Amino acid sequence: MAVLARCRVLFQAIRSQTNCLDGVCRSQDTVNHALANKVQYVRSTAYGGARQYSSDSKGDDLIVRYLDGDDSGIVVFGLNRPKAKNAISKNLVKMMSEAVESVKKNNKVRTVVICSLVPGIFCAGADLKERAKMQQSEVGPFVTKARSLITELGNLPMPTIAAIDGAALGGGLEMALACDIRVAANSAKMGLVEAKLAIIPGAGGTQRLPRAIGVSLAKELIFAARVVDGTEASRLGLVSHSVEQNGSGDAAYHRALDLAREFIPQGPIAIRMAKLAINQGIEVDLKTGMAIEEACYAQVIPTKDRLEGLAAFKEKRTPRFKGE
């Protein structure tokens, strides 16, 4: 009975995702138009040579770029609060929530990369200067909104990659932990340091860090408020890849792009179903997990992409997947 109950919930989750993949979410242009004044969309094939950093105005806290050309399908969320070290503020939470909601409904998005547009920093965690000005009654609701944002980021149906080219502390690391894959420069610094402020990680850190590196190590890092570099983070399993930092300070971003480019040629529905099966299955026993995999597999059988894959294999050509 427990297996059946879980599968019913899973089928509902699958249905909500595949509806969008089948083209039901056709109001994307309307959504993007409504968000035009709130989220700055910049289309480019890459960030280019020297990056341009805007002032720390509220309108520029997050810059969302839809890449094109060979990189079409990759969306980059660029954190851009240079004066505040990309600290998580009310405005940044609002803008990121809107951006997450937008890509969630866009079946053309294959991968989301989260990076920083500010040299030497990924995200310093909560904006403590803003927090100090809040009434005590405001703190709880704000933390709830931040936690909800990071949860929604973790629930995106397409792969997500955090490119950590600088310090990712507190809520900044929690944001990265919500991503499917983390890539870091070897010089980057990471840690859940909340205990230094007599608080605990409040946006999923106590749950996601143990799942990433194991319970005992997670406790050690959290209890000690320890900060590790990219090399050590890779050894612990906190990040998948640690790369030598380059002169422009964006080595992790470029490594993340390389990973995203590996995902683009694959069947988009298959990738989304694989992510769903993994995320759901890792939380349950093996028997239930196998039932979840079967349910997700059933969703790819009737797709045009599956038939295209078989035809391309037979004809010895590259498949042309459309997410249908």
Side-chain angles (χ1 to χ4, degrees), residues 61-62 64 74-81 84-89 92-93 96-97 99-100 103 111-127 146-156 158-194 201-214 217-218 221-222 225-243 245 249-257 259-260 275 279:
D61 286 358
L62 181 71
V64 179
I74 301 173
V75 178
V76 180
F77 287 5
L79 305 176
N80 188 43
R81 300 193 69 211
K85 298 182 178 180
N86 290 339
I88 301 171
S89 63
L92 183 58
V93 168
M96 284 199 70
S97 296
V100 166
V103 298
T111 304
V112 174
V113 176
I114 300 179
C115 70
S116 168
L117 303 184
V118 182
I121 192 76
F122 176 75
C123 176
D127 189 333
R147 184 185 298 115
S148 176
L149 161 64
I150 292 175
T151 298
E152 287 302 308
L153 175 63
N155 288 337
L156 279 175
M158 70 287 295
T160 53
I161 307 172
I164 307 171
D165 274 304
L169 304 173
L173 181 54
E174 288 178 301
M175 186 185 300
L177 282 166
C179 294
D180 298 311
I181 300 166
R182 289 166 294 285
V183 180
N186 55 10
S187 58
K189 305 296 183 183
M190 286 158 273
L192 296 178
V193 296
E194 286 85 351
T206 63
Q207 303 305 305
R208 292 191 177 93
L209 186 61
R211 285 166 168 79
I213 67 173
L217 276 174
L221 295 187
I222 291 173
R226 186 179 302 157
V227 175
V228 299
D229 63 17
T231 303
E232 178 69 2
S234 179
R235 188 186 70 80
L236 296 174
L238 177 54
V239 301
S240 300
H241 305 274
S242 177
V243 295
Q245 187 56 282
D250 58 0
Y253 167 69
H254 285 289
R255 183 69 180 96
L257 274 187
L259 286 173
K275 175 174 176 174
N279 285 356

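Any value given below was found using the heavy atoms of this structure, including those in side chains, with hydrogens, waters and symmetry copies removed. Since the structure is predicted, the reported quantities are computational estimates derived from the model, not experimental observations.
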Contact check, side chains of [X] and [Y], non-hydrogen atoms, under 4.5 Å:
X	Y	value
Asp165	Cys115	no
Ile88	Leu149	no
Val75	Val64	yes
Met190	Arg182	no
Leu173	Phe122	no
Leu209	Leu238	yes
Arg81	Asp127	yes
Leu169	Lys85	no

Out of curiosity, [X] [atom1] to [Y] [atom2], how far, rounded to the nearest 0.5 Å?
X	Y	atom1	atom2	result
Ile150	Asn155	CD1	CG	12.0 Å
Ile164	Ser187	CD1	OG	11.5 Å
Arg255	Asp250	CZ	CG	14.5 Å
Ser116	Leu79	OG	CG	6.0 Å
Glu174	Arg208	CD	CZ	8.0 Å

- Message: When you measure from the side chain of Gln245 to the backbone of Ala251, do you find a donor-acceptor pair of N or O atoms at a distance under 3.5 Å?
- Response: yes
- Query: Is a donor on one side and an acceptor on the other found under 3.5 Å between the side chain of Ser234 and the backbone of Gly230?
  - Reply: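 Side chain of Ser234 to backbone of Gly230: no pair is present.
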Heavy atoms only: give me the nearest [X]-[Y] pair and the separation to one decimal.
X	Y	result
Met158	Lys275	O-NZ, 2.8 Å
Ser89	Leu92	OG-N, 3.1 Å
Leu62	Ala99	CD2-CB, 3.9 Å
Val239	Ala184	CG1-CB, 4.0 Å
Ile161	Ala260	CD1-N, 3.9 Å
Val193	Ala225	CG1-O, 3.6 Å

- Item | salt bridge (Lys or Arg N to Asp or Glu O under 4.0 Å) against Glu232, all qualifying residues, sequence neighbours excluded |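 With neighbours one apart ignored, the set is Arg235.
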- Who are the side-chain hydrogen bond (donor to acceptor under 3.5 Å, both in side chains) partners of Thr160, not counting sequence neighbours?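 In terms of side-chain hydrogen bond (donor to acceptor under 3.5 Å, both in side chains), with neighbours along the sequence ignored, Thr160 is linked to Asp180.
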- Can you spot which of Ile114, Leu156, Val112 makes a side chain to side chain contact (heavy atoms under 4.5 Å, CB included) with Cys179?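 Of all the options given, the one that passes is Ile114.
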